[in-house]
Amino acid sequence: MNLKSLIFVFLLFTLQVSAKTVQPDIVTNVQLSNSDANRVVCVNGEMNDVFFSTDKIQEVPLAGKYGFIKFPIMKKGADLSYVIKRSEFHFICNGQAYTIMATPESIPAQVIYLGDDVIASAKANIELMGSMPREKQSLYLTNKALKNELTENFKVKTSEINWKSGVITGAEISLIRTIKVDGIGLKLKEFLVRSNQKQYLDEKRFVLPALSSSIRAVTVDPLAVEAGQMARVFIVEDATN
């Protein structure tokens, strides 16, 4: 993996859509994208209604369990003007009222969960992966991470690149993201490896307590690297927290 590819992959991780949970009958301050469509999810039912100030935003479409907030962008000639004033939204989700005090910011699209997203995510993950044998679950999760095709029910935490030497002979390694699958009890750690020499990165070399204490599966891509080349390492482990 060259530097250009590394930057592209890292941007994919850091630009992941962010999520926040809102509880009923509590005014919750959130940041929303002032350029992209933000999604609001009614976790345990469907959207019943939404109330907001029409002088700041014209429409908040509802569709089943989803609501969508897209702030208007004004165009004057070649210049674009984005909303910066706060707006208040009152969603009726599954018969309960949720109040969002939204501050528009220049950030990627956000996902707002109304209710307990952990319970909803666990239920969705069990429906998706619960019937799979344990080995197939690990393979499925690894393939989704390898292709960057993660569902919104997977909890993703990105990490800044921090190269460590002395863990893998002839290479440096850095954790770049952790993916947790609620309800299934699995977690995937993804590392970048930067090789200092031509070598073969056998998966067994990564079965180390320094990387995980409960390894279920290890996948390396690619296995054979040249000096200066990078590889991605996926370690699936039991999720203990």
Side-chain angles (χ1 to χ4, degrees), residues 3-94 96-118 120-121 124 145 147-161 176-180 190:
L3 180 59
K4 183 177 180 180
S5 298
L6 169 61
I7 293 173
F8 174 71
V9 170
F10 188 66
L11 284 175
L12 282 176
F13 301 154
T14 56
L15 294 180
Q16 291 276 347
V17 174
S18 301
K20 183 178 180 65
T21 300
V22 176
Q23 298 301 328
D25 301 318
I26 299 175
V27 178
T28 305
N29 294 309
V30 301
Q31 291 181 325
L32 297 181
S33 172
N34 62 3
S35 59
D36 300 323
N38 304 277
R39 187 165 74 253
V40 184
V41 184
C42 181
V43 171
N44 299 311
E46 292 194 351
M47 292 290 193
N48 306 122
D49 210 341
V50 60
F51 303 92
F52 54 95
S53 177
T54 55
D55 64 333
K56 296 180 181 179
I57 187 170
Q58 294 299 311
E59 184 182 12
V60 179
L62 301 181
K65 64 187 296 183
Y66 300 103
F68 302 90
I69 299 175
K70 177 71 167 66
F71 292 101
I73 302 174
M74 304 300 293
K75 186 174 182 180
K76 294 182 179 180
D79 297 326
L80 297 178
S81 177
Y82 297 91
V83 174
I84 58 174
K85 292 184 178 180
R86 293 204 306 174
S87 295
E88 190 171 340
F89 299 90
H90 304 274
F91 286 90
I92 309 301
C93 158
N94 197 32
Q96 291 185 295
Y98 296 79
T99 300
I100 296 173
M101 186 65 71
T103 301
E105 300 281 357
S106 180
I107 56 177
Q110 305 292 293
V111 177
I112 308 300
Y113 290 100
L114 307 182
D116 195 332
D117 65 315
V118 174
S121 295
K147 298 176 182 178
N148 293 307
E149 296 177 349
L150 303 176
T151 74
E152 65 181 30
N153 301 309
F154 293 170
K155 301 297 170 51
V156 181
K157 179 182 179 181
T158 58
S159 303
E160 293 184 3
I161 293 180
I176 57 173
R177 65 174 171 175
T178 303
I179 303 166
K180 186 178 179 183
E190 180 170 352

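- The structure places OG1 of Thr103 at 6.5 Å from CD of Gln31, a figure rounded to the nearest 0.5 Å.
- By the 6.0 Å contact criterion, CD1 on Ile84 is open, its count of non-hydrogen atoms from other residues, nucleotides or ligands being 12 or less.
- A distance-only check finds a donor-acceptor pair linking the side chain of Ser33 to the backbone of Ile107 [under 3.5 Å].
- At least one donor-acceptor pair closer than 3.5 Å links the side chain of Asn48 to the backbone N or O of Asn94.
- Here OH of Tyr113 is found 12.5 Å from SG of Cys42. Values are rounded to the nearest 0.5 Å.
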Q | Stepwise side-chain contact (heavy atoms from CB on, under 4.5 Å) check, Leu114 with Gln96 | A | CA-CA 9 Å; Leu114 307 182; Gln96 291 185 295; over 6 Å; no

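- Listed here is the closest heavy atom pair of Val83 and Pro72: CG2-O, 3.4 Å.
- In this structure the side chain of Val40 never reaches within 4.5 angstrom of the side chain of Phe89, judged on heavy atoms.
- Judged purely by atom type and a 3.5 angstrom limit, Lys70 uses its side chain to pair as donor or acceptor with the backbone of Ser35.
- Interatomic distance, Ile112 CD1 to Thr28 OG1, rounded to the nearest 0.5 Å: 9.0 Å.
- In this structure, the side chain of Arg177 engages the main chain of Ala145 through a donor-acceptor pair within 3.5 Å.
- For Val30 against Val22, the heavy-atom pair with the smallest separation is CG1-CG2, 4.5 Å.
- Side-chain N or O atoms of Asp36 include none that pairs as donor or acceptor with a backbone N or O of Pro108 at under 3.5 Å.
- Distance CZ/Phe71 to CD/Glu105: 10.0 Å, rounded to 0.5 Å.
- Contact record, Ser106 with Asn34: CA-OD1, 3.7 Å, taken as the closest heavy-atom pair.
- The two residues Asn29 and Arg86 come nearest to each other via the heavy atoms OD1-NH1, 3.5 Å.
- Closest heavy-atom contact between Arg39 and Tyr66: CD-CD2, 3.6 Å.
- Expressed to the nearest 0.5 Å, how far CG of Leu62 lies from CD1 of Ile92 amounts to 10.5 Å.
- With values rounded to the nearest 0.5 angstrom, Glu149 atom CD is found 11.0 Å from Phe154 atom CZ.
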